[in-house]
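Scroll down for the structure; my scribbles are underneath it.
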Amino acid sequence: MAPAAASSSALLPAGTFSTARPVAGRPAGQRLPTRVAAASRTTTARSPAACLSVGGRRRGAEAVRASAGGAPAASLPAALLFDCDGVLVDTEKDGHRISFNETFAERELGVSWDVELYGELLKIGGGKERMTAYFSKTGWPAKAPKTDDERKEFIASLHKRKTELFMALIEKKLLPLRPGVQRLIDEALGKGVKVAVCSTSNEKAVSAIVSCLLGPDRAEKITIFAGDVVPRKKPDPAIYLLAATTLGVDPSSCVVVEDSTIGLAAAKAAGMKCIVTKSGYTAEEDFATADAVFDCIGDPPEVRFDLEFCANLLQKQFVS
């Protein structure tokens, strides 16, 4: 198990997605990332001190500052909720897409999703919903049934096979965890913060990722909400509200880590703070409503954020 990041760990800039500056009360050389898109523009006071000056210009919505030194330590989040695909593992391009295409080939459907097309299809939450929307728009394959009920069963069978192929990839550990995921989860679990994974993907696929890549010991402590556990998928907030209710925590005390605009919309609609870690397919999406945006969570010596940063977001110690 990777050691939990201490509150004094150095947090470095996240490439083009964040900048850093010294924070009062921290030892010399230690920095906090400061590019954060504020989600509470209408409720946060806009004072001169609340806007950083960058290159002679004030940066408001994307700039943050730490609260004054000497303030009480921020309370930890009650729960840390992770999306799966694109957050825990960058699975989409070389995982799910490949598995969909292998399934289509096995069934001789004459369908193949290239990288660009799949990026567009990711705007639709859920694999079964994605296939249904695609076939409804482009025309159903000749081998597909004709009635709605039969087509629903057809889609379900395709998705089941696709999940089997995807799980085989995960079990071979061909797709690694993204930087910092294990570190932040270890830090949260070590400090008694509840951890869950909330995903539109199939529950078996999500469980395989958590168990195979994070290990069975961590998996036992992580609650999974996935697949058809809710009737409406992201950007609907249902899965995050279910997680809060099941875990027995207030949504406002939760911090979500997402990688897409539909996931961000779901988290914000649930009344939760949301940190975005951009992934291969989502790098150019608009995350203006996120509470923070990074390229990854990060491992030493390039840690982007830690549990203390999450706690500070909840305490509004970072303002626009």
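Residue numbers start at 1 and run along the sequence shown.
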| Pairing of Glu153 and Arg151 as salt bridge, 4.0 angstrom limit | no
| Verdict with reasoning, Phe287 to Phe294, per ring-ring contact (aromatic ring centres under 6.0 Å, His included) | CA-CA 10 Å; Phe287 297 113; Phe294 299 96; over 10 Å; no
| Minimum heavy-atom distance between Asp299 and Arg183, given as atom pair plus value | OD1-CB, 3.6 Å
| Distance in Å, Lys152 NZ paired with Thr147 OG1, rounded so as to fall on 0.5 Å steps | 10.5 Å
| query | Charged N to carboxylate O below 4.0 Å: is that the case for Arg97 and Asp114? | reply | no
| request: Report yes or no: do Ile275 and Ile262 belong to one cluster of Ile/Leu/Val/Met/Phe/Trp/Tyr joined by side chain heavy-atom distances under 4.5 Å? | output: no
| field | Check: Ser99 and Leu169 side chains under 4.5 Å, non-hydrogen atoms | value | yes
| request: For the pair Arg178 and Asp90, find out whether any cationic side-chain nitrogen is under 4.0 Å from an anionic carboxylate oxygen. | output: no
| field | Pairwise side-chain contact, Lys128 with Ile155, heavy-atom cut-off 4.5 Å (strictly under) | value | yes
| field | Main-chain N/O of Asp250 paired with Ser253 side-chain donor or acceptor, under 3.5 Å | value | yes
| task | Report yes or no: do Val256 and Ile297 belong to one cluster of Ile/Leu/Val/Met/Phe/Trp/Tyr joined by side chain heavy-atom distances under 4.5 Å? | result | no
| task | Identify the heavy atoms of Leu122 and Tyr281 that sit nearest to each other, and give their distance. | result | CD1-CD1, 3.4 Å
| task | Only one of Glu129, Glu116, Arg130 passes side chain to side chain contact (heavy atoms under 4.5 Å, CB included) with Leu121; say which it is. | result | Arg130
| task | Kindly say whether Ser207 contributes a backbone atom to a donor-acceptor pair with the side chain of Ser211 at under 3.5 angstrom? | result | no
| field | Intermediate values then yes/no, side-chain hydrogen bond (donor to acceptor under 3.5 Å, both in side chains), Glu120 and Tyr134 | value | CA-CA 10 Å; Glu120 288 298 312; Tyr134 174 78; over 6 Å; no
| Glu102 and Arg161: salt bridge (charged side-chain N to carboxylate O under 4.0 Å, His left out), yes or no, with the steps? | CA-CA 9 Å; Glu102 288 180 354; Arg161 177 56 179 156; over 6 Å; no
| Carboxylate-amine/guanidinium contact Glu285 Lys278, below 4.0 Å | no
| Any side-chain heavy-atom pair of Glu164 and Lys160 under 4.5 Å | yes
| query | Do the side chains of Val276 and Ile239 join up, straight or via other hydrophobic residues, at under 4.5 Å, putting them in one cluster? | reply | no
| said: Quick check with a 6.0 Å cut-off and a 45 degree axis cone: is Lys162 positioned over the face of Phe166's six-membered ring? | reply: yes
| query | Ion pair present between Glu150 and Lys146, side-chain N to carboxylate O less than 4.0 angstrom? | reply | no
| Heavy-atom closest contact (His96 atom, Asp85 atom, distance) | NE2-OD1, 2.8 Å
| query | What residue among Thr277, Leu264, Asp259 forms side chain to side chain contact (heavy atoms under 4.5 Å, CB included) with Thr282? | reply | Asp259
